Amino acid sequence: WHYSILGSLGIQAFNDDTTPLFPLDKALEVGTTVAVGTATVGNLAIPALTSVGPNYDLVAQAAYQISDHWFAGGFLSANNSRNYASVIAGFSIHYMFRSQPSTVTTPTGLFQYDDQHALRPMLVP
């Protein structure tokens with residue numbers, strides 16, 4: 001087995017000023033009233049916005065050697081930023097033309113193996 005898990009938590013803050021939607025069109029400047037279809041609109045601008053909220057990022061992956069030639073694995077990634085959040089997951093199966101004998105006797109990943117204490121947290125038998 002090989003696995004790794006990375007994560008972070010935080011706080012994100014954004015401060016946007018008022019922004020005109022059409023800064024180069026004099027007819028649509030802030031304060032001007034314009035007929036759009038059957039409606040009359042004015043002050044075409046994106047309003048000011050201040051936003052404070054949590055932020056997270058998680059990346060996890062795992063792989064397993066099925067035999068000397070076959071490997072299987074998967075991954076998961078999740079994060080957010082401002083008004084956008086994404087989650088991505090996937091898996092893979094690999095065939096190696098040359099034999100790949102494993103020299104790893106225990107899982108690799110979160111914790112280093114401690115020979116002195118012979119203890120490895122999260123050991124997968």
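All of these numbers come straight from a predicted model, not from anything done at the bench.
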Full working for side chain to side chain donor-acceptor pair (under 3.5 Å) between Ser4 and His2: CA-CA 7 Å; Ser4 66; His2 168 77; 4.6 Å; no
Worked check of side chain to side chain contact (heavy atoms under 4.5 Å, CB included) between Ile88 and Leu76: CA-CA 6 Å; Ile88 301 169; Leu76 172 71; over 6 Å; no
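Each of Ile11, Asn80, Leu9 was evaluated against Asn55; a single residue qualifies, Asn80, per the side chain to side chain contact (heavy atoms under 4.5 Å, CB included) test.
Both Tyr64 and Trp70 are members of a single hydrophobic cluster when ILVMFWY side chains are connected at heavy-atom separations under 4.5 Å. At a threshold of 4.5 Å between side-chain heavy atoms, the hydrophobic network of Ile, Leu, Val, Met, Phe, Trp and Tyr places Tyr95 and Ile93 in one connected group.
No side-chain heavy atom of Phe14 sits under 4.5 Å from any side-chain heavy atom of Val52.
Atom NE2 of His94 is separated from atom CD of Gln65 by 12.0 Å, given to the nearest 0.5 angstrom. Atom OG of residue Ser51 and atom CG of residue Asn15 lie 10.0 Å apart, to the nearest 0.5 angstrom.
Residues Ser99 and Asp68 come closest through the heavy atom pair OG-CB, 3.2 Å.
Judged purely by atom type and a 3.5 angstrom limit, Asn79 has no side-chain atom pairing as donor or acceptor with the backbone of Val87. Under the 3.5 Å distance criterion, the side-chain polar atoms of Thr50 are left unmatched by any main-chain donor or acceptor of Ala48. Gln61 places no side-chain N or O within 3.5 Å of a backbone atom of Ile5 that could act as its donor or acceptor partner.
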